[in-house]
Protein chains: 2
Amino acid sequence: MDRRQQKTRDAIFKAFSKLIGQKRYANITVQEIIDEANIGRSTFYAHFETKDELLKALCTDIFSHVFSDELMSEKTHDFSGENYVLEAKLTHILHHLKDSEKNIAGILSSESGDLFMKYFKDYLTELFSKNFNEIKVNAPADFVLNHLVGSFAETVKWWVDNSMKYTPEQTARYYIEVSYN
Amino acid sequence: MDRRQQKTRDAIFKAFSKLIGQKRYANITVQEIIDEANIGRSTFYAHFETKDELLKALCTDIFSHVFSDELMSEKTHDFSGENYVLEAKLTHILHHLKDSEKNIAGILSSESGDLFMKYFKDYLTELFSKNFNEIKVNAPADFVLNHLVGSFAETVKWWVDNSMKYTPEQTARYYIEVSYN
DNA sequence: ATCTTAGCGAACAAGGTGTTCAATAATAAA
DNA sequence: TTTATTATTGAACACCTTGTTCGCTAAGAT
């Protein structure tokens with residue numbers, strides 16, 4: 001990829017990340033992104049067709065780091081019945097979110113999270129499907145899967161909104177505790 | 001309230017509900033609402049300052065029916081340890097959402113749900129706080145409360161997105177089963 | 001050194017926003 | 001019924017955002 005393209009793309013991502021931490025996604029204009037990134041109008045549209053495409057690309061970029069191949073590998077079934085492996089993976093995700101230079105916290109909170117959460121949950125669904133220690137519960141599998149994914153996503157959002165006041169280890173622990181005890 | 005005002009307000013709500021079932025909230029313009037409601041431009045702005053204000057008003061309207069005073073009354077602690085009361089209340093909410101003439105399903109899904117969910121969770125938090133049968137779990141109370149609220153909200157969204165394929169009774173049962181077993 | 005591609009920036013039409021105002025019609029109060 | 005009040009109207013307004021086009025320039029690849 002041309003160095004110029006990479007530079008422009010980075011500038012757009014950076015500007016967008018900054019803005020998304022300041023105001024609602026819906027209220028951010030392409031004009032503002034252009035101004036903040038200090039690029040030409042036509043240049044923006046040469047890279048992204050719409051604002052939604054930009055968000056999608058940013059999410060894909062972020063998640064490719066957070067949900068690494070190793071993390072998503074299938075051979076992680078846990079036969080201890082204690083979910084140590086899943087807990088470790090969730091901890092890993094939380095650490096990534098915490099340490100990321102990109103403004104993930106900003107994206108997740110500040111009411112921009114609609115689309116972000118959608119993409120986030122897609123990855124989580126894949127992860128949980130593969131780490132499905134059947135819970136001994138009288139409910140359909142699709143219900144349980146959605147419950148696990150949704151409640152973890154909500155947990156992350158809550159964790160971020162509350163200044164990450166618990167450590168990743170604690171948060172993952174509590175989640176496993178509440179979900180699988 | 002003047003009959004004219006009520007009529008206009010209803011027309012706006014109706015038009016908005018219809019549109020929100022057709023396209024993303026973010027992409028709905030005031031112009032479209034005006035055209036659909038068949039009212040004057042200045043009339044709209046006499047009623048609502050922004051689109052967000054309109055959504056807020058609609059949500060308040062809906063929730064005032066769904067979360068009735070009876071439902072929110074405090075004296076509903078359940079000492080059986082089986083959460084029969086909470087389950088009945090959740091079932092009641094699901095029935096309301098299902099039968100509502102207003103396009104609640106449309107609002108909840110179709111990616112308009114960001115703000116709706118926010119208001120929804122406010123009410124749920126109040127409800128769950130009052131029906132807090134301590135779960136015997138090693139996690140902070142604020143974590144548990146958020147988990148219960150968030151996972152129920154996610155359950156409802158999933159239920160609606162999947163054509164409400166389970167009955168309200170089943171869905172509430174599964175939720176209690178997974179959360180409190 | 002030359003070919004190729006990205007970025008620039010100005011201009012454009014189309015359409016949305018939020019406000020104002022005088023005229024009109026519906027409603028409430030006497 | 002008459003009168004006073006208030007909501008709605010529709011046009012006009014300046015302003016902003018959008019997405020596209022185009023010739024020019026500059027950076028990068030070969």
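Letters A, B, ... mirror the listed sequences (proteins, then strands); counts begin at 1.
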Q | salt bridge (charged side-chain N to carboxylate O under 4.0 Å, His left out) between A/Asp161 and A/Lys157, intermediate numbers included | A | CA-CA 6 Å; A/Asp161 286 344; A/Lys157 192 163 170 14; 3.7 Å; yes
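In this structure B/Phe152 satisfies the ring pair (Phe, Tyr, Trp, His ring centres under 6.0 Å) test together with B/Tyr175, sequence neighbours excluded. The side-chain contact (heavy atoms from CB on, under 4.5 Å) check on A/Thr91 picks up A/Glu87, A/His95, A/Pro168, A/Glu169, A/Ala172, with sequence neighbours excluded. Here A/Asp35 pairs with nothing under the salt bridge (charged side-chain N to carboxylate O under 4.0 Å, His left out) rule; sequence neighbours left out. Scored by the salt bridge (charged side-chain N to carboxylate O under 4.0 Å, His left out) test, A/Lys51 finds no partners at all (sequence neighbours excluded). For A/Asp142, the salt bridge (charged side-chain N to carboxylate O under 4.0 Å, His left out) criterion is met by B/Lys165, not counting sequence neighbours. For B/Glu49, the salt bridge (charged side-chain N to carboxylate O under 4.0 Å, His left out) criterion is met by no residue, not counting sequence neighbours. In this structure B/Tyr166 satisfies the ring pair (Phe, Tyr, Trp, His ring centres under 6.0 Å) test together with B/Tyr174, sequence neighbours excluded.
When side chains are defined from C-beta on, B/Cys59 counts as touching B/Leu55, because their heavy atoms get closer than 4.5 Å. Under the 4.5 Å side-chain criterion, counting only non-hydrogen atoms from C-beta, A/Leu71 is in contact with A/Ile93.
Taking the six-membered ring where tryptophan is involved, the planes of A/Phe44 and A/Phe48 are tilted, since the angle between them lies from 30° to 60°.
Counting to the nearest Å, the P atom of C/dA28 and the CD atom of B/Gln5 are 11 Å from each other. Put simply, CG on A/Asn27 is 16 Å from P on D/dC16, counting in whole angstrom units. Distance, B/Gln6 CD to D/dT8 P: 11 Å, rounded to whole Å.
Using a cut-off of 4.0 Å between Lys/Arg side-chain N and Asp/Glu carboxylate O, A/Arg9 and A/Asp61 are scored as not salt-bridged.
Stem analysis of DNA chain D (at least three stacked-register Watson-Crick or G-U pairs, each with both distances under 3.5 Å) gives C:4-17 with D:14-27, C:19-30 with D:1-12.
Summarising the geometry, atom CG belonging to A/Asn162 is positioned 11.0 Å from atom CE belonging to A/Met164; distances are rounded to the nearest 0.5 Å.
Proximity of residues 42-49 of chain A to DNA chain D (heavy atom under 4.0 angstrom from any strand atom) is restricted to A/Ser42, A/Tyr45. Of the residues in residues 29-37 of chain B, those placing a heavy atom less than 4.0 Å from an atom of DNA chain C are B/Thr29, B/Val30, B/Gln31, in numerical order. Within residues 8-16 of chain B, the residues approached by DNA chain D to less than 4.0 Å at the level of any non-hydrogen atom are B/Thr8, in residue-number order.
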Q: Indicate for each nucleotide in nucleotides 24-30 of chain D, in 5' to 3' sequence, whether protein heavy atoms under 4.0 Å reach the base (B), only the sugar-phosphate (S), or nothing (-).
A: --BBSS-
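Aromatic pair A/Phe143/B/Trp158: centroids less than 6.0 angstrom apart.
Nearest approach of A/Asn146 to B/Thr155, heavy atoms of both residues: ND2-CA, 4.0 Å.
Residues B/Arg41 and A/Arg41 both approach DNA chain C. Their nearest nucleotides, taken by heavy-atom distance, put A/Arg41 toward the 5′ side.
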